[in-house]
Peer 1: 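Structure below; questions to follow.
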Amino acid sequence: MHRIPKDVSRCFAVIFSYQLSDNLSGYSDMDIKTLELVQDIDGYLGYEKYGNGKQNTFISYWKNLHSINTWKDNLTHIKAKKEGPRWYKNYRVQIVKIHEDINYWL
């Protein structure tokens, strides 16, 4: 889990919930590559990940929708998404606006 800002009120979250398939050829390398590349997107704030390795929820935090759309248009990210049907049995993506962030994590 990477640190995220203490307060992400009025920011956006992209919630990616997924179940991995058994065909993960190239998945690990692409995961590392995309996590490195996203750091350079202006407006990217960080992420947290929960799960058991097979079923997970990955939440990324963003300053605005423009930042999310910049990431959506990234060529490496587009390439990774094309592999989605092979790497994931199921997945869901939700983009939400965070109206309030009550944070008691230290």
Side-chain angles (χ1 to χ4, degrees):
M1 180 169 112
H2 283 246
R3 277 190 78 113
I4 57 169
K6 189 167 186 161
D7 183 7
V8 291
S9 295
R10 295 171 299 284
C11 294
F12 288 83
V14 177
I15 305 166
F16 178 45
S17 302
Y18 60 92
Q19 181 180 13
L20 290 173
S21 74
D22 294 326
N23 185 357
L24 298 177
S25 176
Y27 177 81
S28 182
D29 290 339
M30 184 61 81
D31 191 42
I32 291 167
K33 185 184 284 188
T34 55
L35 287 175
E36 289 173 355
L37 284 173
V38 75
Q39 305 290 325
D40 295 331
I41 302 291
D42 185 40
Y44 170 74
L45 302 174
Y47 77 89
E48 42 193 335
K49 181 179 176 181
Y50 303 95
N52 63 14
K54 197 73 172 164
Q55 286 188 263
N56 302 291
T57 299
F58 181 96
I59 306 169
S60 57
Y61 296 93
W62 303 82
K63 285 185 182 176
N64 52 48
L65 289 173
H66 176 75
S67 301
I68 294 169
N69 288 329
T70 298
W71 179 237
K72 280 182 179 179
D73 293 339
N74 177 281
L75 294 178
T76 302
H77 188 217
I78 290 168
K79 183 178 175 182
K81 288 190 288 188
K82 286 182 181 178
E83 297 294 335
R86 183 166 58 94
W87 289 336
Y88 304 108
K89 284 184 182 177
N90 303 293
Y91 67 89
R92 179 180 194 173
V93 178
Q94 299 167 299
I95 299 173
V96 299
K97 181 165 175 98
I98 301 168
H99 294 278
E100 185 174 10
D101 182 17
I102 301 167
N103 185 348
Y104 291 104
W105 290 90
L106 300 177

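Hydrogens, waters and symmetry mates are skipped; everything else that's a heavy atom, side chains included, is used.
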Peer 1: How about H77 and L37: do any of their side-chain heavy atoms sit closer than 4.5 Å?
Peer 2: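 They are not in contact (no side-chain heavy atoms under 4.5 Å apart), so the answer is no.
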
Peer 1: Return yes if a side-chain donor-acceptor contact under 3.5 Å exists between S67 and N64, otherwise no.
Peer 2: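 Side chains of S67 and N64: pair found under 3.5 Å.
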
Peer 1: Apply side-chain contact (heavy atoms from CB on, under 4.5 Å) to the pair V38 and S60, showing each step before the final yes or no.
Peer 2: CA-CA 10 Å; V38 75; S60 57; over 6 Å; no

Peer 1: Using a 4.5 Å cut-off on heavy atoms from C-beta on, say whether the side chain of Q55 contacts that of N90.
Peer 2: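 Not in contact.
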
Peer 1: Look only at the side chain of Q39 and the backbone of L35, and say whether a donor-acceptor pair between them is shorter than 3.5 Å.
Peer 2: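 Checking the backbone N and O of L35 against the side chain of Q39, a donor-acceptor pair under 3.5 Å is found.
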
Peer 1: Below 4.5 Å, heavy atoms only, C-beta onward: do K89 and N23 meet side chain to side chain?
Peer 2: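 They are not in contact (no side-chain heavy atoms under 4.5 Å apart), so the answer is no.
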
Peer 1: For the backbone of R86 and the side chain of S21, can you confirm whether one donor and one acceptor N or O come within less than 3.5 Å of each other?
Peer 2: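 A pair under 3.5 Å: yes.
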
Peer 1: Is there a side-chain contact between V14 and W71 in this structure, where contact means two heavy atoms from C-beta onward sitting under 4.5 Å apart?
Peer 2: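 V14 vs W71: side chains apart.
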
Peer 1: Backbone N or O of S25 within a donor-acceptor pair of the W87 side chain at under 3.5 Å?
Peer 2: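 Between the backbone of S25 and the side chain of W87 there is a qualifying donor-acceptor contact (under 3.5 Å).
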
Peer 1: Between N103 and K6, is there a donor-acceptor pair closer than 3.5 Å when you use the side chain of the first and the backbone of the second?
Peer 2: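 Answer holds: yes.
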
Peer 1: So that I know where these two stand, are Y47 and F16 an aromatic pair - ring centroids less than 6.0 Å apart?
Peer 2: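 No, the ring centres sit 6.0 Å or more apart.
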
Peer 1: Can S9 and D7 be counted as having a side-chain donor-acceptor contact under 3.5 angstrom?
Peer 2: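 Result is yes, a qualifying pair exists.
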
